Amino acid sequence: MKEFSLVTHLLYHEEKLEVLVSWRNTTSAPLVDIFPDKVRNMKGEKLRIFTFNHAPSVFSDVDSKGFLHNVSGIDVEVIKAMGQALNFIPIFEHPGPERWGTILPNGTHTGMVGRISRDEAEIGVGNVFVTEVRANYITFTIPYDYERACFITSAPTELPKSYAILSPFSLNVWIVLTITVVSLTLFVPLFEMGIVNMIRSDRHDVSSAFLIILAKFCNQSVSLPERTAFRVLFAFIMLCGFVSTVFYSTNLTAFMLVKAVEPPYTSIKQIVAAGFEVGGFSDFWRAIFEESANENVRKLGQKFFSFFPDITPHLKRVVSREVVLLENTQHLEYLMKTFYTNREGKSPLRLMLEECINPFGIGALLRRHSPLKQPLDMAILHMREGGLVDKFFDMVLQVDHKSDHEEFELGYDPDADSTQHGIQDLSLQHLQGAFILLGMGYMIALFILITELLFSVIRPRTLKA
């Protein structure tokens, strides 16, 4: 009596073969699917997953053997959702100090990409950008998220209150006003000299004309001239000064009571013009800069520096306006909101979203020709349709990770509350510009007085000689 068995090869199991059906020659074989889907239900098998800490994608504790514990983060939630869909248990392991890895001169790839290409793990995640170069070594799932690489710069600082007295008018307006006052100062004596039968009381020299014009523009009353021509002229000067004074005083009040800040950096051109160094986690960005068709982006590559793995000292340099940093938006946004933003939403850093580097897809790494690709792609499609990745990011922001990342302190108190509410009282800080002008007037007047006294002493001696 003969017995026959139909077996199939198992994937990701310790036992490589599984009996599908057995029958003897005297009995008919039962119906069975001889081509079962081997990855739709992996029956709780354990899969080796490479990843490493990179907020907010992955948070974890690493033991001495390289295994990760207390794992959380956006990418971790994505893997857990995949595990629920395909019924496998992820075992997270650190890929080593090279993290993502780089290409060596001999063409081999180090780090997570290299190890997965050598079949040392099934999946790799950790904010991995989908690039053509990496696709030469591994297989990507479809992107489960899309990210732009943006710059983080120092936040605009408040302008000194001493500037408030000059702030109500733009530079062009101040230039026009100065030209107007000076030209009228010279015009009034000339206009007076052209009048026939001048009344002596109407005569003005240049210095007295300057004071009269200045008084009109400061909306101060002076005695009117007796002649009609001068009265008409001074009436319009008074009207111009009145209009200018109303606008100036109104806007000055706003600049004194509202914080005036310098313009923020909103373009790559501004970063280049400011001469900042640009830092990133790896030389991956340098290649992006050098291959860009944008001239300003190529210039960024000339001042690029890479750092790894500690971003803390470089964030402090951003606050002190020495450098700017480039990374994916979620990473920078997480750092800002979690560590550098107080209860009122104020931060010494600013995420420059106005102009960023090209968007990148973020996917999971798989072995070449992995049978997991198709089912994982379907799982990712369902996650994207349900908006789960965005939900995972919101979940991460709500979890307090500060105890695990004390190195992110900048000397900035995120819990500080502002004591200024409502209408502000005008202090000496607000009015310092006016007193600075008064002090300048004292100094100039004292200088002129000393000069006149010297001339009064020198002149009699000259006449005697």
Side-chain angles (χ1 to χ4, degrees), residues 47-58 73-82 85-86 90 92 95 98-103 107-150 280-293 297 306 308 326-334 356-390 392-393:
L47 289 189
R48 191 179 186 188
I49 313 294
F50 278 154
T51 191
F52 49 86
N53 287 343
H54 185 75
S57 299
V58 181
I74 299 174
D75 290 19
V76 173
E77 295 299 327
V78 170
I79 290 294
K80 289 180 179 179
M82 292 177 178
L86 302 185
F92 295 98
E98 293 292 331
R99 307 289 176 104
W100 296 281
T102 57
I103 300 176
T108 59
H109 207 298
T110 64
M112 181 166 59
V113 176
R115 295 190 65 182
I116 291 180
S117 69
R118 295 188 292 272
D119 296 342
E120 297 182 30
E122 303 301 329
I123 306 175
V125 292
N127 190 50
V128 184
F129 288 166
V130 177
T131 64
E132 184 178 356
V133 174
R134 288 171 175 165
N136 293 328
Y137 296 86
I138 46 80
T139 297
F140 280 105
T141 64
I142 61 172
Y144 52 81
D145 199 6
Y146 290 90
E147 273 287 0
R148 293 188 302 168
C150 291
F281 272 116
S282 69
D283 285 334
F284 170 84
W285 298 116
R286 190 192 304 274
I288 297 294
F289 293 154
E290 293 175 350
E291 295 172 2
S292 175
V297 175
S306 61
F308 195 80
L326 175 69
E327 239 324 293
N328 69 300
T329 308
Q330 281 186 347
H331 180 67
L332 298 178
E333 186 178 356
Y334 171 80
C356 299
I357 304 299
N358 294 338
F360 296 90
I362 298 177
L365 301 175
L366 303 174
R367 297 188 301 180
R368 297 299 298 269
H369 311 296
S370 172
L372 292 173
K373 177 171 172 53
Q374 184 177 1
L376 290 183
D377 285 349
M378 290 300 299
I380 291 173
L381 281 175
H382 292 312
M383 278 189 283
R384 280 167 40 181
E385 290 172 356
L388 289 181
V389 178
D390 293 334
F392 295 155
F393 182 53

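This chain uses plain numbering: 1 for the first residue, then up along the sequence. This is a predicted model, so every value here is computed, not measured.
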- Task: Look only at the side chain of D145 and the backbone of G363, and say whether a donor-acceptor pair between them is shorter than 3.5 Å.
- Result: no
- Message: Strictly distance-based, threshold 3.5 Å: is any side-chain N or O of R48 a donor or acceptor partner for the main-chain N or O of E120?
- Response: yes
- Message: Given 3.5 Å as the limit, does a donor-acceptor pair link the side chain of R148 with the main chain of F360, or not?
- Response: no
- At their closest point, which heavy atom of V389 faces which heavy atom of Y144, and how far apart are they? CG2-O, 3.2 Å
- Query: So do E77 and L388 actually touch side chain to side chain, heavy atoms under 4.5 Å?
  - Reply: no
- OG of S370 to CD1 of I116: how many Å apart, nearest 0.5 Å? 10.0 Å
- All heavy atoms of V58 vs all of T51, minimum pair found to be CG2-OG1, 3.1 Å
- Message: Between N127 (side chain only) and S57 (backbone N and O only), is there a donor and an acceptor less than 3.5 Å apart?
- Response: no
- Value for CG (L376) from CD1 (I123), rounded to nearest 0.5 Å, stands at 5.0 Å
- Task: Using atom types as modelled and distance alone, determine if a side-chain donor or acceptor of K373 lies under 3.5 Å from a backbone N or O of F140.
- Result: yes
- Side-chain donor/acceptor of D377 to backbone N/O of I142, under 3.5 Å: yes
- CZ of R99 to CE of M112: how many Å apart, nearest 0.5 Å? 10.0 Å
- Donor-acceptor under 3.5 Å (E147 side chain, T329 main chain): yes
- Item | Closest contact, heavy atoms only, L86 versus P375 | CD2-CB, 3.7 Å
- Note on the structure: Shortest non-hydrogen pair, G126 vs F52, comes out as O-CZ, 4.1 Å
- Query: Side chains of L326 and F281: does their closest heavy-atom pair fall under 4.5 Å?
  - Reply: no
- Quick one: closest heavy-atom pair of I74 and F392, and the distance? O-CD1, 4.1 Å
- R367 side chain to L372 main-chain N or O, any donor-acceptor pair under 3.5 Å? no
- Task: Kindly state whether the ring of W100 and the ring of H109 have centres lying under 6.0 angstrom apart.
- Result: no
- Is there a donor-acceptor pair under 3.5 Å between the side chain of T141 and the backbone N or O of A364? yes
- Is a donor on one side and an acceptor on the other found under 3.5 Å between the side chain of S292 and the backbone of V297? no
